[in-house]
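This report refers to the structure that appears directly beneath it.
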Amino acid sequence: MIEVGASILNADLLNLRKEIDKVSTADWLHLDVMDGHFVPNLTFGPMFVPAIKQISNIPIEVHLMVENPEKFLDLYAQTGCQRIIIHAETSKHLHRLVQQIKEYQFEVGVALNPATSLDCLEYILESLDVVLIMTVNPGFGGQSLIVQTLSKIKKLQQMITELDCNCKIAVDGGVNWDNYRNLVKAGANQLITGTLIYNASDAKNSILQLKDFC
Ligand code: DX5
Ligand code: ZN
């Protein structure tokens with residue numbers, strides 16, 4: 001079964017309650033946190049998580065596109081989010097950071113930018129719940145998927161099979177009706193999408209359609 005993460009980055013922020021209700025069939029609410037340093041954009045902070053939790057039971061995953069992510073773990077620990085995804089590019093001590101996140105009892109994910117090799121995962125893959133393959137350069141919604149990332153997903157799937165571990169593969173950015181099947185065939189277990197669902201006339205049903213594909 002494919003999981004869907006609904007990114008609220010391109011939702012109508014003035015109607016966030018309605019926008020979150022629109023995606024109630026999603027498995028995850030995906031919160032894109034940007035700091036204006038690691039990526040050239042600024043978005044949400046930790047206070048969004050408890051606010052969203054007041055109106056939705058969907059588990060929240062926080063995609064930290066920030067430098068020094070370790071500085072923010074304490075803040076997110078108070079919020080009730082379920083999963084923290086950090087970028088491999090932001091840490092000199094990835095193993096230590098992953099362990100720190102696990103100590104907070106979060107599920108842990110590591111994201112890789114399109115140009116980042118899978119090599120940095122080789123010795124930590126077994127500790128991860130999910131690897132997030134960025135299929136666009138992080139920072140903005142509504143971009144086109146970078147096709148070279150498909151072979152990266154396949155390669156990661158092979159690594160996971162060889163290690164026989166439970167790590168899932170998430171893909172983030174540019175997912176659309178033309179490419180989602182190929183992403184799943186390549187090995188993606190979770191599709192993270194904003195534009196596709198918020199542009200759809202029926203977001204709930206579009207999510208179910210994405211999830212139904214085997
Ligand atoms: C990009 C974000 C993505 C993005 C996905 O930096 O990490 O989560 O919002 O949105 P779409 O579907 O518009 O590419
Ligand atoms: Zn994201």
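Remember, it's 1-based here, ligands and their atoms both numbered in the order they're listed. Because the structure is predicted, anything quoted here is derived from the model rather than measured.
Looking at ligand 1, you'll find an N or O of S7 within less than 3.5 Å of one of its N or O atoms. For a threshold of 3.5 Å applied to N or O pairs, the pair formed by V175 and ligand 1 contains no separation below that value.
Ligand-side atoms of ligand 1 in range of H30: 8 (O), range being under 4.0 angstrom from any heavy atom. In summary, the atoms of ligand 1 found under 4.0 Å from a heavy atom of M34, numbered by their order in the structure, are 6 (O). Residue T193 has at least one heavy-atom neighbour below 4.0 Å for each of these atoms of ligand 1: 12 (O). Per-residue contacts place G142 under 4.0 angstrom from the following atoms of ligand 1 (heavy atoms of the residue considered): 11 (P), 13 (O), 14 (O). Every atom of ligand 1 is numbered from 1 in the order shown, and the set under 4.0 Å from a heavy atom of H63 is 7 (O). Atoms of ligand 1 lying under 4.0 Å from at least one heavy atom of G173, given by number and element, are 14 (O). Ligand 1 places these atoms under 4.0 Å from at least one heavy atom of P138: 6 (O).
Of the candidates G141, G174, A6, S144, the one placing a heavy atom closest to atom 14 (O) of ligand 1 is G174. Looking at V171, D32, N176 and measuring to atom 2 (C) of ligand 1, the nearest heavy atom belongs to D32. If you check each of N113, D172, I85 against atom 3 (C) of ligand 1, the one with the closest non-hydrogen atom is D172.
Nearest protein neighbour of atom 1 (C) of ligand 1, counting heavy atoms only, is F140 O, 3.5 Å. When only non-hydrogen protein atoms are considered, atom 6 (O) of ligand 1 lies nearest to G139 N, 2.8 Å. When only non-hydrogen protein atoms are considered, atom 11 (P) of ligand 1 lies nearest to T195 OG1, 3.5 Å. The shortest contact between atom 10 (O) of ligand 1 and any protein heavy atom is with G194 N, 3.7 Å.
The closest side-chain heavy-atom distance from I85 to D172 is not below 4.5 Å. Counting heavy atoms from C-beta on, the side chains of L183 and L150 come closer than 4.5 Å. Residues R83 and P59 have side chains not in contact (no heavy-atom distance under 4.5 Å, counting atoms from C-beta outward). For the pair Y104/I84, no side-chain contact is recorded, criterion being any heavy-atom separation below 4.5 Å from C-beta on.
Tracing side-chain contacts under 4.5 Å through hydrophobic residues (I, L, V, M, F, W, Y), one reaches L191 starting from Y198; they form part of the same cluster.
More than 12 heavy-atom neighbours from other residues, nucleotides or ligands sit within 6.0 angstrom of CG on N15. For K155, the NZ atom is loosely surrounded, since the number of other residues' heavy atoms within 6.0 Å does not exceed 12.
For the Zn ion (ligand 2), the nearest N, O or S atom contributed by D32 is named OD1. Nearest to the Zn ion (ligand 2), among the N, O or S atoms that D172 has, is OD2. Between the Zn ion (ligand 2) and the N, O or S atoms of H63, the shortest distance is to ND1.
Going from atom CG of L145 over to atom CE of M134 covers 10.0 Å, rounded to the nearest 0.5 Å. Distance NZ/K168 to CD/Q157: 9.5 Å, rounded to 0.5 Å. The structure places CD1 of I60 at 10.0 Å from CH2 of W28, a figure rounded to the nearest 0.5 Å.
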Can you list the steps and then say if S7 with D32 is a side-chain hydrogen bond (donor to acceptor under 3.5 Å, both in side chains)?
CA-CA 7 Å; S7 162; D32 285 307; 2.9 Å; yes

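Of the listed residues (V171, I192, I86), just one forms a side-chain contact (heavy atoms from CB on, under 4.5 Å) with L132, and that residue is I192.
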